[in-house]
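Each chain gets a letter, A, B and so on, in the order its sequence line appears, and its residues count up from 1. Quantities reported herein were computed from a predicted structural model and do not represent experimental measurements.
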2 protein chains.
Amino acid sequence: MEKHTLDDIARITGYSKTTVSRVLNGKAASARISKQAVEKIMKVSKDTGYQLNSVAQMLRSKVSKTIGLVVPYISNPFFANLASTVITNARQAGYIVTLIDTMENPEAERQALNTMVARSVDGIIVVPCGDDPATIASLCKRVPLILIDRYYPEADIPYVSTDNYDGGYRAMQLLLESGHNRVLCIKGPDVSVTSNERVRGCHDAIARSGNNCRLSVVGNDFSVQNGYIETQLAIGAKQPPTAIFALSSTILLGVLKALNEHKLNIPDDVSVISFDDNTYLDYLNPPVTRIKQPVTDIAETAINLLLQAIAKKEQLQANICMAPSIVLRNSIKHLH
Amino acid sequence: MEKHTLDDIARITGYSKTTVSRVLNGKAASARISKQAVEKIMKVSKDTGYQLNSVAQMLRSKVSKTIGLVVPYISNPFFANLASTVITNARQAGYIVTLIDTMENPEAERQALNTMVARSVDGIIVVPCGDDPATIASLCKRVPLILIDRYYPEADIPYVSTDNYDGGYRAMQLLLESGHNRVLCIKGPDVSVTSNERVRGCHDAIARSGNNCRLSVVGNDFSVQNGYIETQLAIGAKQPPTAIFALSSTILLGVLKALNEHKLNIPDDVSVISFDDNTYLDYLNPPVTRIKQPVTDIAETAINLLLQAIAKKEQLQANICMAPSIVLRNSIKHLH
DNA sequence: TAATTTTGCGCAAACGATTGCGCTAATTAA
DNA sequence: TTAATTAGCGCAATCGTTTGCGCAAAATTA
């Protein structure tokens, strides 16, 4: 079980490493290798436990069979799910995934991308952080690259994401249909495209409904704290909201905490709807209605497009927003 | 921004690639390279955007600066957290992480390990699945390898895990102190060492307390379903448990679902304690008391031991069980 | 001035695989 | 019998680094 090389197998079998290489790569037929040779080489390489050295192979063939995946926080279940799908699909196509966690640090992201290129990954999938698409934009001319979840509308970088506008629109529609006319929407960072799209969807839903619903959009972070603070502020006001739309499941947790502290009941005292799907949302009291992003579809679409681009060596082109779905539970009260 | 090699830089600067390599590796001093040369080479390599080819470097130096991480399911938050810590710590030490998700499939695990070796990773961290340590045991003689979370007590493979016995013991202690004497413990698979250790801790806690508490240990899977079914069965019995100990947070969700369906209140009707920490457990109604595994410590210890072993090129030796902590909430009723 | 040391750098052989081209012997065709 | 074809395989270059060894020129010492 020591380490063997092609030369070793060649020496043992008496054939050249050329022949050995060809046999081991399944090119025996096209290279007209005799049956004897194939058998002997196969046998010896089994017996010796020969293992291909992928590194040498990469150097020579310029193909690493590796996908680079760059995410802001792998500990975030949303990104973990994305990663899971990417890894699984990549593996089925014979690719392995190298993962870097940027922790929302743009500088770390730049380094990560450099590392990926230095290791000559065949393609890169990024959930970008920061608001400067420059590095990525220039990189995506040199190596197949695709963004997921987050993207830069003004830059020409392929992406697959949720149709956040639609998600915001439909969530708001749900609230309007139930007669809510004072809605608090707690959003993410100002620079977040996904957050802003959701908000835009809300506004349009109201406008198109002809309803006189008052929507107040507050907050600036996808965090528990932000959800907590904004909820505290809102329920202290003279005219508290009848419904709260949390733009992420972390924000939702903050909302819940504040409501619990004030002994406010969902949905009797205030209705709640959230973005992002999580199993535990069904085990809250009551289960929370939410907009579910098509995580698996997004990841699958992205990795498949990427693998295609790698295979065909052609420029990747994609501006895809996939529709979310509604997970209907019991957190929205119907106001007559 | 094209691809340049050492030769290119050598040609442009007029120095040999030997000198260029030395300068770029910070060996200018020890190789007595002149200041001029260093400056010129540095400048040119900046200007041309020269990027080292890690693959060639790996081939030559036999060092890949890569850690292989093999987990059963990266979408499981527990493993995602482990991965997060491993990735972050590895990166600080200049290592990158290649991740394979085995989906609890031992054959996939074997392949994964082969792939890792072929790519000459410098070290491997595995959360093993299946009950056959043979592959891993033989592998760990050839490359630094360490198990986390799960391990094989009888095999001589280094590991870092939770002190599951202690966790089970203390959870049970908590229930005993509150006067519970009919406890339902819903466990994981029969072959799971972690599950079994937790159960053993429970039994010992009762034995050592001199209490006549009746512990009934049921179930065979770390799944929501298992938790649900076993809870259904138990609360239908003539003598339902006064407390339920869920040996994982997935099992807990099943427990909650069953209790909700029967309108049973926590902790008034039945007390609950669980293994595994999750943010959302604090947002349940009521927040659930739980045994928190020292995930970060485990991962940090493991990666550091691994990096040490890699650096010192010495055999890794570790049988470490780290104590869990108790996150005390309001899900256990004190029975007078 | 001659001998020694130091400075500054390059040659060329690895690392382990892949592959275009070519070569010999055997077979077939003419 | 000779020419053409085919079968079966190997040579050697290549991928882009790293590094042991050595060598000439400059600086120092004797």
Could you tell me the separation between the CG atom of N53(B) and the P atom of dC15(C), rounded to a whole number of Å?
-> 18 Å

D149(B) vs F78(B) side-chain heavy atoms within contact, under 4.5 Å = yes

Counting any heavy atom closer than 4.0 Å, what does L59(B) reach on the DNA or RNA strands: base, sugar-phosphate only, or nothing?
-> base

Rounded to 10°, the helix from dT1(C)-dA30(D) to dA30(C)-dT1(D) deviates from straight, judged by its five-pair end axes, by 50°

Using a heavy-atom cut-off of under 4.0 Å over every strand shown, decide if K17(A) touches base, sugar-phosphate, or nothing.
-> base

Which pairs count as salt bridge (charged side-chain N to carboxylate O under 4.0 Å, His left out) when at least one residue sits in residues 102-130 of chain A, sequence neighbours excluded?
-> E104(A)-R150(A), E107(A)-R110(A)

Atom pair distance, as rounded to whole Å: CZ in R60(A) and P in dT19(C) = 6 Å

With sugar-phosphate meaning primed atoms plus P, OP1 and OP2, does A37(B) contact a base, only sugar-phosphate, or nothing at under 4.0 Å between heavy atoms?
-> sugar-phosphate

Mind checking S61(A) for me? I need base, sugar-phosphate or nothing, with any heavy atom below 4.0 Å counting as a touch.
-> nothing

Spacing between R22(A) atom CZ and dG22(C) atom C1', to the nearest angstrom | 11 Å

Please test D47(A) against K43(A) for salt bridge (charged side-chain N to carboxylate O under 4.0 Å, His left out), starting from the C-alpha separation and ending with a verdict.
-> CA-CA 6 Å; D47(A) 293 352; K43(A) 177 164 173 22; 2.7 Å; yes

Are R142(B) and K3(A) side-chain neighbours, meaning at least one heavy-atom pair lies under 4.5 Å?
-> yes

When you list every nucleotide of DNA chain D with an atom under 4.0 Å from a heavy atom of chain A, which one comes first 5' to 3', and which comes last?
-> dA7(D) to dG16(D)

For residues S120(A) and S64(A), is any side-chain donor paired with an opposing acceptor at under 3.5 Å?
-> no

Donor-acceptor pair under 3.5 Å: do we get one between T5(A)'s side chain and the base of dA17(C)?
-> no

T13(A) (side chain) donor-acceptor with I41(A) (main chain) under 3.5 angstrom | no

All side-chain contact (heavy atoms from CB on, under 4.5 Å) counterparts of Q317(A), not counting sequence neighbours = D156(A), Q315(A)

Could you tell me whether K35(B) contacts a base, only the sugar-phosphate backbone, or nothing, with contacts defined as non-hydrogen atoms closer than 4.0 Å?
-> nothing

What are the atom names and distances for every N/O pair under 3.5 Å that joins the protein to nucleotides 23-29 of chain C?
none

Quick one: side chains of residues 19-26 of chain B, donor-acceptor pairs under 3.5 Å with protein atoms, not counting sequence neighbours, listed by atom name and distance.
from	atom 1	to	atom 2	distance (Å)
T19(B)	OG1	S16(B)	OG	3.4
S21(B)	OG	N25(B)	ND2	3.4
N25(B)	ND2	S21(B)	O	3.2

Q57(A) side chain near dT18(C) phosphate (N/O to OP1/OP2, under 4.0 Å) = yes

